[in-house]
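I have placed the structure first, in the form of structure tokens, so that the comments after it can refer back to it.
Only heavy atoms go into these numbers, but all of them, side chains included; no hydrogens, no water, no symmetry mates. Because the structure is predicted, anything quoted here is derived from the model rather than measured.
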Amino acid sequence: MALQFKNTLTGKKEEFTPIEPGMVRMYTCGPTVYNYAHIGNFRTFMFEDLLRRYLLYKGYKVTQVMNITDIDDKIIRNSQKQGKKLREFTDPYTDAFFEDLDTLGIERAEIYPRATEHIDEMVAMIKTLADRGLAYEIDGNYYFKISAFNDYGKLAKLDLASLKPGARVASDEYEKESVSDFALWKAWDEKDGEIFWETEIGKGRPGWHLECSAMSMKYLGEHFDIHTGGVDNVFPHHENEIAQSEGCTGHQFVNYWLHAEHLIVEGKKMSKSLGNYFNLRDLMDKGYSGMAVRYVLLATHYRQQLNFTFHGLDAAAKALERYNDFIRNLESYDGGESDGSAGEIVETARSRFEEQLDDDLNISGALGAVFDLIRDINRLKADGKLSADEAESALELIRRFDTVLGFEMQQAGIEEEIEELIRQRTEARKNKDFATADKIRDELLSRGIVLEDTPQGVIWKRKV
RNA sequence: GGCGCCAUAGCCAAGUGGUAAGGCAGGGGUCUGCAAAACCCUUAUUCCCCGGUUCGAAUCCGGGUGGCGCCUCCA
């Protein structure tokens, strides 16, 4: 089966065909760096990581762009509150974002453009839109004229006439021809203080939607393959991006729009007032590993609302342990006598894994194939019916899967002191001094080291 | 009011017409000095409810019930 994605634009599952064979250009909406990103944000970034990794697995060359939004109302407000310059305020959160990506094992995109470094491109777009009659200016503010763009609403399936002015619209402080029109450029205001750019179209700052249009087209071209984000971005953000971009170029902007559902916590919408709002650092402080969080965020299909629970986090850690033990145990396996069944087990796992992921990234189905492989190979191993060569091919396969899953944990070395304790315990066991041996084992466990006595000797691992 | 999504075991979660994947948790065993890891057996006669279509429905259709999202800068 060929790779298929559910395309928000068409509402259908469609076969994926890149514009340029063998090459995928994708834009993934990134963080607004006014705070630490929360686990809901990372759910979306994790989905994008899966998408990226699977495209690479399939042999595509991938160019992924993720923007860093480092200018918006909240950033201005909070930076001023703290008496900091823009970059002084946003840089630490930008750094923290990249640290968090590493903690979660999320691969880096090729390009991370900052909005504040692309003002010229945005201004150029506004001028083009104005020339084409799609933008107008009032008191130094520039707005996109929705009524002049026929396709408006095609992504979100919104009928313009049905857009009712609501409370949020009424709160808009700017004058506009139509309440539905959105800001491309905001003229400088006293409240903006030192935050402004002097440009051909005046003194001010860009609207939010424009940066993604300007930066995606700069790095990926006027027409590219995939654009992703959270479901809340469908409207208005992505709808507006289409309007701006296609308004400028006069042709199709993006072929496939993919959107990740939201994460909820213990069955409820995550919110600060409910006390169920978590960023990654909160979870690390509670003693959970980045990998366990990775597993939880990855394991639910991206179009399914993900119910994040602490019980689920514990379950994820156990599942990861099984996965990593499988790899570790295969590595130290001496081999037995083949009964000839391993080859089919490996091939079945490979085809099921790919078939599931080809189907709109059905990760739950793919994980089913992975854990079936683990059970089936472990069974052969337990029965002594797995040869060393077969063990090697199973190991190769799971490592191949791991280029997509990213679950394998590197075992950092252990300190000399711990090695010494392990030696002492081995000695004690040799002398049948089990009381001492068990005491050392408990001591190591409390320090996060788990020991296993095998026929080949003692091995250790870190607790997940 | 408009558009859309969801409901499968104690928990998480696949499956969209051919007789219920997988993970976690629970119970019983094998192995082990004891563990750990691993393996075996076991845990949904049934998929929110009521009708209908069909040889056959968790899957399709109609009607309910319950939960959720978006409707102008929230991933």
Given the C1' atoms of B:rG1 and B:rU46, what is the spacing between them in whole Å? 39 Å
Determine the Euclidean distance between corresponding C1' atoms of B:rC61 and B:rA75; express it in Å to zero decimal places. 36 Å
If the condition is salt bridge (charged side-chain N to carboxylate O under 4.0 Å, His left out), which residues does A:Asp325 pass it with, not counting sequence neighbours? A:Arg328, A:Lys461
Interatomic distance, A:His259 NE2 vs B:rC6 C1' [rounded to whole Å]: 19 Å
In whole angstrom, what separates A:Leu258's CG from B:rA75's C1'? 14 Å
Please determine, for the side chain of A:Glu452, which listed nucleotide (B:rC24, B:rC34, B:rA37) has the closest atom? B:rA37
Donor/acceptor link under 3.5 angstrom from A:Arg441 side chain onto base of B:rA35: yes
Which whole number of Å gives the distance between the P atom of B:rA25 and that of B:rA38? 11 Å
Contacts of type side-chain hydrogen bond (donor to acceptor under 3.5 Å, both in side chains), residue A:Tyr34, not counting sequence neighbours: A:Lys74
Whole angstroms only, please: what is the NZ-P distance between A:Lys318 and B:rA38? 9 Å
So which of A:Lys6, A:His227, A:Arg303, A:His238 actually passes side chain to side chain donor-acceptor pair (under 3.5 Å) with A:His259? A:His238
Applying a 4.0 Å non-hydrogen cut-off, can you work out what A:Ala260 is touching in the nucleic acid: base, sugar-phosphate, or nothing? nothing
Which whole-number value in Å describes the distance from A:Asp442 CG to B:rA35 P? 13 Å
Using a heavy-atom cut-off of under 4.0 Å over every strand shown, decide if A:Leu263 touches base, sugar-phosphate, or nothing. base
Inter-nucleotide C1' distance (B:rC39, B:rC68), Å rounded: 42 Å
Under 6.0 Å between the ring centres of A:Phe326 and A:Phe407? no
On a whole-Å scale, what distance lies between the C1' atoms belonging to B:rG63 and B:rC73? 40 Å
Please report, rounded to the nearest Å, how far the C1' atom of B:rA35 is from the CG atom of A:Leu444. 14 Å
Of all residues at least two apart in sequence or in a different chain, which pass the salt bridge (charged side-chain N to carboxylate O under 4.0 Å, His left out) check with A:Asp314? none
Could you tell me how far apart A:Ile459 (CD1) and B:rA36 (C1') are, to the nearest whole angstrom? 9 Å
For A:Asp438, answer base if it contacts any base atom (sugar-phosphate contacts may also be present), sugar-phosphate if it contacts only those atoms, and nothing otherwise; contact means non-hydrogen atoms under 4.0 Å. base
Is it the case that over 12 heavy atoms from other parts of the model lie below 6.0 angstrom from the CD atom of A:Glu331? yes
CD (A:Gln456) with more than 12 external heavy atoms under 6.0 Å: yes
Please give the distance between the P atoms of B:rC48 and B:rU8 as a whole number of Å. 6 Å
Regarding A:His262, tell me which of base, sugar-phosphate or nothing describes its non-hydrogen contacts under 4.0 Å with the strands shown. base
Report which part of the nucleic acid A:Lys432 touches: base, sugar-phosphate, or nothing (heavy-atom distance under 4.0 Å, all strands). nothing
Touch class at under 4.0 angstrom, heavy-atom based, for A:Arg425 against every strand present: base
Using the ring centroid of each side chain, check whether A:Tyr288 and A:Phe278 are separated by less than 6.0 Å. no
Salt-bridge criterion met for A:Glu443 and A:Arg447 (N-O under 4.0 Å): yes
Stems involving RNA chain B: give each as a range paired with a range, ordered by first number, where a stem means at least three consecutive Watson-Crick or G-U wobble pairs under 3.5 Å. B:1-7 with B:65-71, B:10-12 with B:22-24, B:26-30 with B:38-42, B:48-52 with B:60-64
Any donor-acceptor pair, under 3.5 Å, between the side chain of A:Lys74 and the base of B:rC74, if you only look at N and O atoms? no
Just how far, in rounded Å, is P of B:rA35 from CD1 of A:Ile449? 22 Å
What are the residues of residues 369-384 of chain A, sorted by number, that bring a heavy atom to within less than 4.0 Å of RNA chain B? A:Phe371, A:Asp372, A:Arg375, A:Asn378, A:Arg379, A:Ala382
Expressed in whole Å, how much space separates the C1' atoms belonging to B:rA58 and B:rA13? 14 Å
Check whether any side-chain heavy atom of A:Arg462 sits under 4.5 Å from a side-chain heavy atom of A:Ile449, and report yes or no. yes
If you assign A:Met270 and A:Ala156 each to the RNA chain B nucleotide with the nearest heavy atom, which residue ends up on the more 5' nucleotide? A:Ala156
Ignoring the backbone of A:Arg352, work out which of B:rG33, B:rC73, B:rA21 is nearest its side chain. B:rA21
Nucleic acid contacts - residues 303-314 of chain A versus RNA chain B, non-hydrogen atoms under 4.0 Å: A:Gln304, A:Gln305, A:Asn307, A:His311
Measure the distance from CG on A:Leu297 to C1' on B:rG23 and round it to the nearest whole Å. 16 Å
Looking at B:rC39, I'd like to know if its phosphate oxygens (OP1 or OP2) sit under 4.0 Å from a side-chain N or O belonging to A:Arg322. yes
With the side chain counted from C-beta on, respond yes when A:Arg43 and A:Thr300 share a heavy-atom pair under 4.5 Å apart, and no when they do not. yes
Any donor-acceptor pair under 3.5 Å linking the side chain of A:Arg114 with the backbone of A:Ile71? no
Taking only Lys NZ, Arg NE, NH1 and NH2, and the carboxylate oxygens of Asp or Glu, determine whether A:Arg52 and A:Asp49 approach each other closer than 4.0 Å. no
Taking N and O atoms by type only, does the side chain of A:Asp73 place a donor or acceptor under 3.5 Å from a partner on the base of B:rC73? no
Which comes earlier along RNA chain B counting from the 5' end, the contact point of A:Gly30 or that of A:Lys157, where each point is its nearest nucleotide? A:Lys157
Taking any heavy-atom pair under 4.0 Å as a contact, classify A:His301: base, sugar-phosphate, or nothing. sugar-phosphate
Decide yes or no for A:Thr28 and A:Phe47: does some side-chain heavy atom of the first lie under 4.5 Å from some side-chain heavy atom of the second? no
Checking B:rC71, B:rA38, B:rC74 against the side chain of A:Asn329 (C-beta onward), the nearest is B:rA38
Short side-chain N/O contact to B:rA35 OP1/OP2 from A:Lys439, under 4.0 Å: no
If the C1' atom of B:rU42 is compared with that of B:rU32, how far apart are they to the nearest Å? 23 Å
Nearest to the A:Ser180 side chain among B:rA14, B:rU72, B:rA75, which nucleotide is it? B:rU72
Give a yes/no on whether any side-chain N or O of A:Asn362 is located under 4.0 angstrom from OP1 or OP2 of B:rG15. yes
Indicate yes or no: at least one non-hydrogen side-chain atom of A:Gln304 is less than 4.5 angstrom from one of A:Glu261. no
Taking N and O atoms by type only, does the side chain of A:Ser364 place a donor or acceptor under 3.5 Å from a partner on the base of B:rA13? no
